[in-house]
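Counting begins at 1 with the first residue of the sequence. Because the structure is a prediction, the values reported are computed rather than measured. Every number for a ligand or one of its atoms is a count from 1 in the order of the listing.
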Amino acid sequence: MRYHGSCHCGQIAFDVEGDAITQAMACNCSMCRRKGSLLWFVPRERLALATPEEQMGTYTFHKHVIRHRFCPTCGIHPFGEGTGPDGRAMAAVNVRCLDGVDLEALAVTHYDGRSA
Ligand SMILES: [Zn+2]
């Protein structure tokens, strides 16, 4: 499946390729609980950005291993970038920012990021 994602105002836009989204992860860390994001993980190369890097804001905290990308204009956080356990570059996409995803139908798993 190919999904189109964006922030609210459209300054950040991207396409992302992966299996049909049926589940997402909710995390209780200090960042995710405030954002309310529902996350879906894909290898970073599956995310094709239509926005120049410099048009995105970047926020890091704690161990500074995840780059939380956000729109400086509308404030929405569509995805984050990091490294998976196997050393691969990964993207954590906020499925709330993707078109065509039935959020109510998703099986949500809860991750205890607060204790990580
Ligand atoms: Zn925006």
Side-chain angles (χ1 to χ4, degrees):
M1 285 282 291
R2 189 173 182 82
Y3 293 95
H4 179 72
S6 66
C7 66
H8 189 263
C9 73
Q11 186 172 321
I12 297 177
F14 57 93
D15 284 307
V16 60
E17 196 90 47
D19 296 334
I21 300 171
T22 57
Q23 50 186 336
M25 194 188 82
C27 171
N28 64 1
C29 82
S30 58
M31 187 64 175
C32 292
R33 63 187 286 270
R34 285 175 168 80
K35 282 197 284 203
S37 50
L38 288 171
L39 299 173
W40 176 61
F41 296 86
V42 292
R44 177 59 185 83
E45 72 264 16
R46 301 255 192 92
L47 189 153
L49 205 51
T51 303
E53 289 268 338
E54 60 272 17
Q55 281 187 27
M56 298 191 295
T58 303
Y59 180 69
T60 65
F61 69 102
H62 192 41
K63 295 171 187 164
H64 300 276
V65 290
I66 302 169
R67 296 180 301 284
H68 298 269
R69 302 296 207 168
F70 65 94
C71 174
T73 301
C74 71
I76 297 298
H77 288 64
F79 66 94
E81 296 172 280
T83 305
D86 57 356
R88 275 179 98 181
M90 297 292 291
V93 178
N94 183 359
V95 300
R96 292 184 183 279
C97 294
L98 299 179
D99 294 340
V101 176
D102 182 357
L103 297 172
E104 278 70 40
L106 295 178
V108 176
T109 56
H110 293 269
Y111 177 70
D112 187 13
R114 188 172 50 196
S115 307

Inset, instruction - Check the pair Asp15, His4 against side-chain hydrogen bond (donor to acceptor under 3.5 Å, both in side chains), reporting the backbone distance first and the verdict last. - result: CA-CA 4 Å; Asp15 284 307; His4 179 72; 3.3 Å; yes
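An angle of 110° is found at the Zn ion (ligand 1) between Cys7 atom SG and Cys71 atom SG, rounded to 10°. In this structure, SG of Cys74 and SG of Cys9 enclose an angle of 120° at the Zn ion (ligand 1), rounded to 10°.
With 2.8 Å as the limit, His8 does not count as an N, O or S neighbour of the Zn ion (ligand 1).
Ring geometry, Trp40 versus Tyr3: the interplanar angle exceeds 60°, so the pair is classed perpendicular (tilted spans 30 to 60°).
Residues Pro78 and Ile12 have side chains in contact (heavy-atom distance under 4.5 Å, counting atoms from C-beta outward).
Checking Thr58 against Arg69 by side-chain atom types alone, a donor-acceptor pair falls below 3.5 Å.
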